[in-house]
There are 2 protein chains.
Amino acid sequence: MSNQGEGCCEPLSEEPLAEQQAAELATVFKALGDPVRLRLLSLIASRPSGEVCVCELTPAFDLSQPTISHHLKLLRQAGLVDSERRGTWVYYRVRPETTDRMAALLSSVSGERAAARVG
Amino acid sequence: MSNQGEGCCEPLSEEPLAEQQAAELATVFKALGDPVRLRLLSLIASRPSGEVCVCELTPAFDLSQPTISHHLKLLRQAGLVDSERRGTWVYYRVRPETTDRMAALLSSVSGERAAARVG
DNA sequence: CGTCAATATTGAAATATGTCGAATCAAGGC
DNA sequence: GCCTTGATTCGACATATTTCAATATTGACG
């Protein structure tokens, strides 16, 4: 709660989105707008440990390894996931700040006039 | 824990998304993944009346009328908005079921293991 | 009817995206 | 040091998306 930070999130209702904000938010939604990336995110999020090795993600799809790597990169660039290399393997985990922010933004649409400020 | 409905919403964590569900959800996120469409949605949502005439949306952008019409069509096809013709004009309004559903889905990512089932 | 104004649809061009195979980079083990 | 294995980057190609101008459709009003 509290402040709404610098580039922080206006509700989608309340007042129309500025062009630049719309562009930033669109980047994240665009990252979510692909079935493969959604499933990747889901696979990562569904792990109790909170993280998954790429070596487990890749064989879950009928796609080449570079393709999976590419999708993971887009998720990373959108701020939806983080990666960390530990030895031979690379592990991905969700960044809940981002998913929460997007969720709050979407909630604000139906939250009518009194939509809580999304911090 | 009751059913989870027909085509209804799994949380993104809990269990990985099935291919078909991922494809459906991706369609909606893809619709949200464009700055123009986000601003359109925002303009529609920010109206106290809940609806806006296309004749007010079109001049709000530096884009041709067919282009705006096209974006509105994609929002409609994604289930994010509804349109109604009244006489000469066409009015658009948000479909909160859809935005709420997507919000809940995103919330479930950080909702960890115990994520509430999203109806 | 005929015309005008508001939207939608069509067709085409430029750009972006998803995908692969080949090449490259990183870390471990011989 | 030199392979081997895991992961990313590069280059290329097919497809999808964004956008416009032109055309069609819909409804209101003489």
Enquirer: Using the six-membered ring of Y91(B), assess whether NZ or CZ of R85(B) lies under 6.0 Å from its centre and within 45 degrees of the ring axis.
Expert: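 No cation-pi geometry.
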Enquirer: For E56(B) and dA6(C), give me the distance from atom CD to atom C1', rounded to whole Å.
Expert: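 Nearest whole value for this atom pair: 13 Å.
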Enquirer: Would you say E56(A) has more than 12 foreign heavy atoms packed within less than 6.0 Å of its CD?
Expert: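 More than 12 heavy atoms, drawn from other residues, nucleotides or ligands, come within 6.0 Å of this atom.
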Enquirer: Just to confirm, is there a sub-4.0 Å distance from OP1 or OP2 of dT8(D) to any side-chain nitrogen or oxygen of Y92(A)?
Expert: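 Yes.
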Enquirer: Check whether any side-chain N or O of T58(A) sits under 3.5 Å from a backbone N or O of V54(A) as a donor-acceptor pair, and report yes or no.
Expert: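 Judged by distance alone, yes, a pair lies under 3.5 Å.
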Enquirer: Once you round it to whole Å, what is the distance between C1' of dA8(C) and CD of Q77(B)?
Expert: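 It is 12 Å, rounded to the nearest whole Å.
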Enquirer: Out of dA28(D), dA27(C), dT7(C), which has the shortest distance to the side chain of T88(B)?
Expert: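 Looking only at side-chain atoms, T88(B) lies closest to dA28(D).
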Enquirer: Extract from the structure each pairing of a protein N or O with an N or O of nucleotides 9-19 of chain D at less than 3.5 Å, listing the distance.
Expert:
residue: dT18(D); atom: OP1; partner: D34(B); partner atom: OD2; Å: 3.4
residue: dT18(D); atom: OP1; partner: R37(B); partner atom: NH2; Å: 3.2
residue: dT18(D); atom: OP2; partner: R37(B); partner atom: NH1; Å: 3.2
residue: dT19(D); atom: OP2; partner: H71(B); partner atom: NE2; Å: 2.5

Enquirer: What integer distance in Å separates R85(B):CZ from dT7(C):P?
Expert: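 Result: 8 Å.
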Enquirer: Does S69(A) use its side chain to pair, donor to acceptor, with the backbone of Q65(A) at less than 3.5 Å?
Expert: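 It does not hold such a pair.
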Enquirer: Can you tell me the distance, in whole Å, between the CG atom of L75(A) and the P atom of dT17(C)?
Expert: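 Rounded to whole Å, this separation is 14 Å.
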Enquirer: Can you see whether R76(A) engages Y92(A) through a side-chain donor-acceptor pair at a distance of less than 3.5 angstrom?
Expert: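 Judged by distance alone, the side chains do pair up.
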Enquirer: For the pair made of CZ in F61(A) and P in dG18(C), what is the distance, rounded to whole Å?
Expert: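 Value for this atom pair: 14 Å.
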Enquirer: I'd like to know whether CD of E84(B) has more than 12 heavy-atom contacts from other residues, nucleotides or ligands below 6.0 angstrom.
Expert: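 Yes, the 6.0 Å shell around CD holds more than 12 heavy atoms from other groups.
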Enquirer: Measure from CD1 on I68(A) to P on dG6(D) and round the result to the nearest Å.
Expert: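 Spelled out: CD1 on I68(A) to P on dG6(D) is 16 Å.
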Enquirer: Please report the distance, rounded to the nearest Å, between CZ in R86(B) and C1' in dA28(D).
Expert: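 Going from R86(B) (CZ) to dA28(D) (C1'), I get 16 Å.
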Enquirer: Could you give the OH-to-C1' distance, from Y91(B) to dT7(C), as a whole number of Å?
Expert: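 Interatomic distance, OH of Y91(B) to C1' of dT7(C): 13 Å.
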